[in-house]
There are 2 protein chains.
Amino acid sequence: MAESRFLGSPVRLSTRLGEDLRGRIRSGEFPAGSKLPTEAVLVKDYGVSRSTVRQALKGLEAQGIVVTRHGRGSFVAADRGIHAGIQQLRSISETIAEQGFRPGMHYHSVEIDQADPTESDALSLATDDQVVRIRRSILADDVVVAYSYDALPRKLLGPEHDGTGIQGSLFAFLQREAGVVAVRATAQVHAICSETVGWETDETPQLYVVLDQVHFDLRDRPVLYSKTYFIEGRFKFVVIRN
Amino acid sequence: MAESRFLGSPVRLSTRLGEDLRGRIRSGEFPAGSKLPTEAVLVKDYGVSRSTVRQALKGLEAQGIVVTRHGRGSFVAADRGIHAGIQQLRSISETIAEQGFRPGMHYHSVEIDQADPTESDALSLATDDQVVRIRRSILADDVVVAYSYDALPRKLLGPEHDGTGIQGSLFAFLQREAGVVAVRATAQVHAICSETVGWETDETPQLYVVLDQVHFDLRDRPVLYSKTYFIEGRFKFVVIRN
DNA sequence: CAGTGGTCTAGACCACGAA
DNA sequence: TCGTGGTCTAGACCACTGT
């Protein structure tokens with residue numbers, strides 16, 4: 001039974017099923033516009049319940065990867081450009097990589113400072129607490145698609161750790177250095193036009209879609225405050241509204 | 001049994017349960033920060049299954065109305081300003097009204113014209129098809145919070161209907177005049193800065209969060225293409241990311 | 001009509017939180 | 001330890017699609 005492959009993992013069954021299907025779609029087994037196996041077939045093939053299959057498909061639909069139609073079936077969506085489902089919390093780099101682009105990330109600066117009022121509020125800090133403030137640019141095929149301003153409580157790191165040496169995914173860094181897993185975030189969507197957001201551009205004002213997020217760990221402690229500025233037009237947020 | 005109140009309706013059980021809870025919260029029965037009944041209690045009180053209760057709570061959480069915590073319970077969120085869950089397709093006016101503001105809507109213009117390429121593509125129209133183009137402003141307590149540009153296929157309306165006399169919710173209008181129910185939409189989020197979007201402001205450029213949407217009916221026919229320009233800061237989109 | 005997804009139920013077991 | 005939400009299962013019945 002295929003199910004045996006999936007046992008014993010801490011990750012949700014529906015997530016792993018969704019990832020497997022996404023892999024099969026990317027591999028070309030199901031080209032854009034083609035019909036996926038029916039829910040009943042997926043239930044049989046993967047040895048899971050129909051609820052699990054449906055949750056996996058729902059996740060793929062929220063990512064803009066498949067489209068499900070009552071009475072007809074589920075179909076592979078035609079994708080265009082770098083896009084992400086806005087309500088799924090996933091690594092931006094992973095999202096970029098899964099869509100066939102080459103992800104990149106440049107750490108621009110890492111500094112330790114007193115938390116400003118916005119950060120204290122978002123992270124529930126005392127007034128004299130410090131934060132590690134990180135500025136990064138995120139690239140796809142060497143083109144900047146977003147700038148990210150992140151702040152994490154200094155006290156999450158060991159007292160000897162000054163934040164230098166951060167690289168790669170911040171989620172991975174948090175887990176490795178602080179034993180903290182960010183699993184949930186509340187976000188607000190904003191628009192901004194400014195010439196002072198990026199550091200790699202010239203002085204012309206630039207339009208951004210801003211995701212203003214507070215990330216929480218498993219115990220609902222706020223562990224990361226981040227403002228991510230997605231350059232208008234280079235990164236598309238897909239929303240399925242029902 | 002309370003369940004009898006809910007039988008025989010075409011609306012999902014979880015939706016009605018969610019609306020009932022939202023009403024109890026708004027009425028003051030559960031003030032901000034207070035704990036809601038446990039899932040087990042809701043199952044008993046409403047006579048529905050736990051899945052249904054959980055789906056209702058999930059919907060309220062997506063709207064930013066409640067926050068659910070593993071091992072602790074569900075709590076009423078502190079709300080601030082006019083906000084909406086971005087992945088739920090609901091009437092903007094209703095959303096405004098439910099949060100204690102006075103909704104308003106001004107129809108600025110209604111015209112019939114050849115569909116432009118963007119509209120033809122979004123609505124799957126032939127090149128010589130016509131659209132009814134509508135421009136509205138949406139208000140809360142007499143303040144404009146958004147401008148909406150909508151286009152619907154002329155052929156949806158009877159040949160004698162020229163689109164005049166439209167008022168109130170477009171969803172309601174579509175259902176009444178064309179027998180069409182919009183149940184699903186795909187949307188993209190954009191940022192824009194322009195002085196030519198609104199018609200009630202002066203000439204200064206204004207920032208907007210744009211929701212670029214195609215609405216579909218039950219048979220998956222595209223029935224409405226709309227660009228809604230939410231004035232930055234006046235309307236907050238809440239996103240719960242997991 | 002048969003096939004497919006949409007909703008709802010009942011129950012099991014696990015993981016987290018507070019006492 | 002016990003109460004709580006999180007995940008998963010099995011099965012029923014309904015609504016929509018195409019023949």
Side-chain angles (χ1 to χ4, degrees), chain A residues 1-18 21 34-61 66-75 89 180-181 183-184 216-221 240 242, chain B residues 1-4 6-18 21 34-61 66-76 89 180-181 183-184 216-221 240 242:
Chain A
M1 305 285 259
E3 58 187 311
S4 56
R5 269 197 301 145
F6 279 164
L7 295 178
S9 157
V11 184
R12 274 201 295 254
L13 252 181
S14 58
T15 304
R16 280 174 282 150
L17 173 52
L21 286 174
S34 64
K35 190 168 178 298
L36 289 175
T38 67
E39 294 181 354
V41 170
L42 291 173
V43 162
K44 212 176 167 191
D45 286 357
Y46 285 88
V48 298
S49 73
R50 192 172 158 218
S51 317
T52 302
V53 167
R54 285 180 58 74
Q55 183 153 345
L57 290 172
K58 207 172 151 187
L60 294 178
E61 185 160 31
V66 311
V67 182
T68 298
R69 297 289 158 258
H70 195 174
R72 288 203 270 157
S74 290
F75 303 84
L89 185 62
V180 150
V181 187
V183 291
R184 191 177 68 85
F216 299 87
D217 72 358
L218 285 163
R219 292 194 175 72
D220 272 312
R221 294 175 302 185
I240 305 296
N242 288 301
Chain B
M1 301 287 259
E3 56 186 312
S4 56
F6 279 166
L7 295 177
S9 157
V11 184
R12 275 201 296 252
L13 250 182
S14 59
T15 304
R16 280 173 282 150
L17 173 52
L21 286 173
S34 63
K35 191 169 177 299
L36 289 175
T38 67
E39 294 180 354
V41 169
L42 291 173
V43 162
K44 213 176 165 191
D45 286 358
Y46 285 88
V48 298
S49 74
R50 192 171 159 219
S51 317
T52 302
V53 167
R54 284 179 59 74
Q55 183 153 344
L57 290 172
K58 205 172 153 190
L60 294 178
E61 185 160 31
V66 312
V67 182
T68 298
R69 296 289 158 259
H70 196 173
R72 288 205 272 158
S74 291
F75 303 84
V76 180
L89 184 62
V180 151
V181 187
V183 291
R184 191 178 68 85
F216 299 87
D217 71 359
L218 284 164
R219 291 195 174 72
D220 272 313
R221 294 176 301 185
I240 305 296
N242 287 301

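The figures here come from the full heavy-atom set of this structure, side chains too, leaving out hydrogens, waters and symmetry mates. Sequence lines set the chain letters: A, B, ... in the order given, protein chains first and strands last, and positions in each chain run from 1.
In this structure, Arg219(B) atom CZ and dT4(C) atom C1' are separated by 16 Å, rounded to whole Å. Glu39(B) places its CD atom 18 Å from the P atom of dC14(C), with the value rounded to the nearest Å. Here the P atom of nucleotide dG6(C) and the CG atom of Leu57(A) are 9 Å apart, to the nearest Å. Summarising the geometry, the separation between CZ on Arg12(A) and P on dC14(C) is reported as 18 Å, rounded to the nearest angstrom. Between the CZ atom of Phe75(A) and the P atom of dG3(C) there is a distance of 16 Å, rounded to whole Å. If you take CG of Leu36(A) and P of dT4(C), they are 13 Å apart, rounded to a whole angstrom. For Lys35(A) and dG3(C), the NZ to C1' distance is 9 Å, given to the nearest whole Å. With rounding to whole Å, Asp217(B) atom CG is found 14 Å from dT17(D) atom C1'.
When distances run from any side-chain atom of His70(B) to the nucleotides dC8(D), dT4(D), dC16(D), the shortest one goes to dT4(D). For Thr52(A), counting side-chain heavy atoms from C-beta on, the closest listed nucleotide (dC8(C), dG6(D), dT9(D)) is dT9(D). Nearest to the side chain of Thr38(B), among dG5(C), dT9(C), dT4(D), sits dT4(D). Each of dG6(D), dC8(D), dG6(C) was ranked by its minimum atom distance to the side chain of Arg54(B); first place goes to dG6(D). Closest to the side chain of Ser74(A), out of dG5(C), dT9(C), dA18(C), is dG5(C). Closest contact between the side chain of Ser51(B) and the listed nucleotides dG5(D), dT9(C), dT17(D) involves dT9(C). For Leu13(A), counting side-chain heavy atoms from C-beta on, the closest listed nucleotide (dT9(D), dT4(D), dG17(C)) is dT9(D).
Using a 4.5 Å heavy-atom threshold, the side chains of Leu42(A) and Thr38(A) count as separate. Val180(A) is listed as a side-chain neighbour of Arg221(A), based on a closest heavy-atom distance under 4.5 Å. Counting only heavy atoms from C-beta outward, the side chains of Leu21(A) and Tyr46(A) approach each other to under 4.5 Å. Considering only heavy atoms from C-beta on, Leu57(B) comes within 4.5 Å of Val53(B) through its side chain.
The residue among Leu218(B) and Gly73(B) whose nearest nucleotide of DNA chain D is located toward the 5' end is Gly73(B). If you find the closest nucleotide of DNA chain D to Arg72(B) and to Gln55(A), the one lying nearer the 5' end belongs to Arg72(B). Nearest-nucleotide assignment on DNA chain C puts the 5′-proximal partner with Thr68(A), out of Thr68(A) and Val53(B).
Counting atom types as modelled, Arg50(A) pairs a side-chain N or O with a base atom of dG6(C) as donor and acceptor under 3.5 Å.
With respect to Asp220(A) and Arg184(A), a salt bridge is recorded, a charged nitrogen being found less than 4.0 Å from a carboxylate O.
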